[in-house]
J.: 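Provided herewith is a single structure, encoded as structure tokens, for subsequent inquiry.
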Amino acid sequence: MSSLRPLIPLLIAAAILLGGNGVQGTLIALRGAQEGFTPASIGLMGTAYFAGFLIGCVFVVRILHAVGHIRAFAALAAMAASGTLLLAVLIDPWSWTAIRFVSGFCFSGLFTVIESWINSGVENRDRARVLAIYRILDLGAVTGSQFLIPAVGAGGFAIFAVMTIMITLSLVPVSLGDRSNPKPPDNVKFDLGRAWMISPLGAIGCISVGVTNSAFRMLSPIYAQQIGLSVADVAAFVSVSIVGGALIQYPLGYISDKWDRRKVLIATSIAALASALALALFAGSSRPANFAVVFVFGAFAMPLYSLSAAHANDRARPDEYVMLNAGLMLFYSIGAIFGPFTASFVMVAFGPHALFLFISAIYAIFILIILYRMGVRSSVPAEQRGRFAALLRTSLVFGRLAGRVQRRGKTD
């Protein structure tokens, strides 16, 4: 454990940022609805966030090379904190859309700084343990932060002040906890064409999950509010889905290590489709029914990115892992750009439950594509499959951090 001690300040900073970013997404939807913003404008804010995130993925490594980890983190945190305060000052959908674009860029950069720092500091023998700790921090921070909204209130200035404080406090452990300034990561090679050729199914899976998960993350608070749930219930609704995904992800990953991952992808997608249809057609405005079904939905919807990435990595050479995971992250981001905005128009036209009809349609298309790919390409032999790794979609560097665990799994 002594070898992990220098990483504790960075993990604390990551937890603070994960919580602050998680609560901001939910608050944007709730507060925007309170201010009279249309679902289409709120969906556009989600699109803007992921557009900024995508650009951040591409350019932040250059910033790290130019000024180093600490200065890059300080600049991005200052911009993110200032943007959060501006949300309270400029109550306007177009202003919020621009601010969310900048926030996407900043948070992409902040997580890249932290994860590249962790990646440079962790030893190979501790890598799996650090990944597990990181996942626990992600679950605890994002789930727990949702309840800041009912505790502080979605109206007024206080909740924006709390989020700004969280972002600002993340500077403290980064600035004081470790005076080393590691070498910036190598520039990530982007080759979307090659990433697609390695695994068309993995790429399509990441795009599909980008569309569905971003639409759910951005618009499910509006769905919950419009069916009559309270602010506290909205926070619980989002949290229950996250917990469901966390609990089921590793069992599904273990099964996918033993069986053809495409069969696991089909089964998981069918379960996600069925639960989305249940939310759209049967849950109605019942609080217990919505909570129960969204738990099942989260359990099968959230792991689909990691399962798709694991399938793609099974097809890749060891020297292609970093490039492939970068490509899959960009494919996810491309899907996430279109998901919230498209789903918002469906909700405007057909009502709040149509969000899950839209998500169901995407899953149905993905299932058909899996079946087609199974007919034109043989499965990966069991001895060539890597070890499943639950991937966060926080930065390109996380794929590099997890990639060494996957490679080690192939040689065990």
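Note that the numbering runs from 1 along the sequence shown for the chain.
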J.: Between Thr342 and Gly339 (side chain of the first, backbone of the second, donor and acceptor by atom type, cut-off under 3.5 Å), is there such a pair?
T.: no
J.: Any heavy-atom pair between the side chains of Val346 and Leu355 that's under 4.5 Å?
T.: no
J.: Specify the closest pair of heavy atoms between Ser214 and Phe50, including all atoms of both residues, with the distance to one decimal.
T.: CB-CE1, 3.6 Å
J.: Check whether any side-chain heavy atom of Phe216 sits under 4.5 Å from a side-chain heavy atom of Ile359, and report yes or no.
T.: yes
J.: Nearest 0.5 Å, please: how far is CG in Leu30 from CD1 in Ile159?
T.: 10.0 Å
J.: First locate atom OG of Ser208, then atom CD1 of Ile369, and finally report the distance between them rounded to the nearest 0.5 Å.
T.: 6.0 Å
J.: Tell me, do Arg62 and His65 make a side-chain contact under 4.5 Å, heavy atoms counted?
T.: no
J.: I'd like to check the side-chain contact (heavy atoms from CB on, under 4.5 Å) partners of Phe291; sequence neighbours left out, ordered by chain and number.
T.: Leu229, Asp233, Ala236, Phe237, Arg287
J.: What are the two closest non-hydrogen atoms of Ser344 and Ala40, and how far apart are they?
T.: OG-CA, 3.3 Å
J.: Assess whether atom CZ of Phe147 is packed by more than 12 heavy atoms of other residues, nucleotides or ligands within 6.0 Å.
T.: yes
J.: Compare every heavy atom of Pro39 with every heavy atom of Ile222, then report the nearest pair and how far apart it is.
T.: CD1-CA, 4.5 Å
J.: Can you find a pair of side-chain heavy atoms, one from Phe73 and one from Ile114, that are under 4.5 Å apart?
T.: yes
J.: May I have the step-by-step check of side-chain contact (heavy atoms from CB on, under 4.5 Å) for Ile227 and His353, ending in yes or no?
T.: CA-CA 9 Å; Ile227 66 172; His353 289 88; 3.7 Å; yes
J.: Report yes if the side chains of Val142 and Val238 come closer than 4.5 Å at any heavy-atom pair, otherwise no.
T.: no
J.: Give, for atom CD1 of Ile63 and atom OG1 of Thr112, the distance between the pair rounded to the nearest 0.5 Å.
T.: 9.5 Å
J.: Do you know the tightest heavy-atom contact between Pro352 and Tyr223?
T.: O-CD1, 3.4 Å
J.: Taking C-beta and beyond as the side chain, do Phe107 and Ile167 meet within less than 4.5 Å on heavy atoms?
T.: yes
J.: Nearest 0.5 Å, please: how far is CG in Leu27 from CG in Leu148?
T.: 10.0 Å
J.: Verify, without hydrogens or angle tests, whether Thr47 (side chain) and Ile337 (backbone) share a donor-acceptor contact under 3.5 angstrom.
T.: yes
J.: What's the separation between atom CG in Leu171 and atom CD1 in Ile16, rounded to the nearest 0.5 Å?
T.: 9.5 Å
J.: In terms of ring plane angle, is the pair Tyr363 and Phe297 parallel, tilted or perpendicular, where the classes change at 30° and 60°?
T.: tilted
J.: Taking all heavy atoms of Ala77 and all of Leu110, pick out the closest pair and write down the distance.
T.: N-CD2, 3.6 Å
J.: Would you check if the side chain of Ser275 reaches a backbone N or O of Ala271 as a donor-acceptor pair within less than 3.5 Å?
T.: yes
J.: Could you walk me through whether Leu85 and Val89 pass the side-chain contact (heavy atoms from CB on, under 4.5 Å) check?
T.: CA-CA 7 Å; Leu85 285 177; Val89 175; 5.5 Å; no
J.: Judged by atom type as modelled, is there a donor-acceptor pair below 3.5 Å linking the side chain of Trp196 to the main-chain atoms of Ile204?
T.: no
J.: Quick one: OG1 on Thr84 to CZ on Phe160, what's the gap to the nearest 0.5 Å?
T.: 8.5 Å
J.: Quick one: are Ile28 and Tyr49 in side-chain contact, heavy atoms under 4.5 Å?
T.: no
J.: Apply side-chain contact (heavy atoms from CB on, under 4.5 Å) to Phe105 and Val60, showing your working.
T.: CA-CA 8 Å; Phe105 179 89; Val60 73; 5.6 Å; no
J.: Let's go through Leu307 and Thr268 carefully: what are the C-alpha distance in whole Å and the side-chain angles of both, what is the deciding distance for side-chain contact (heavy atoms from CB on, under 4.5 Å) to 0.1 Å, and is it a yes or a no?
T.: CA-CA 9 Å; Leu307 288 170; Thr268 304; 3.8 Å; yes
J.: What closest approach, in Å, do Pro303 and Gly245 show between heavy atoms, and which atom pair accounts for it?
T.: CG-O, 4.2 Å
J.: Would you find a donor on one side and an acceptor on the other, under 3.5 Å apart, between the side chain of Arg217 and the backbone of Gly22?
T.: yes
J.: Would you check if Val209 and Phe366 make a side-chain contact, meaning some heavy-atom pair closer than 4.5 Å?
T.: no
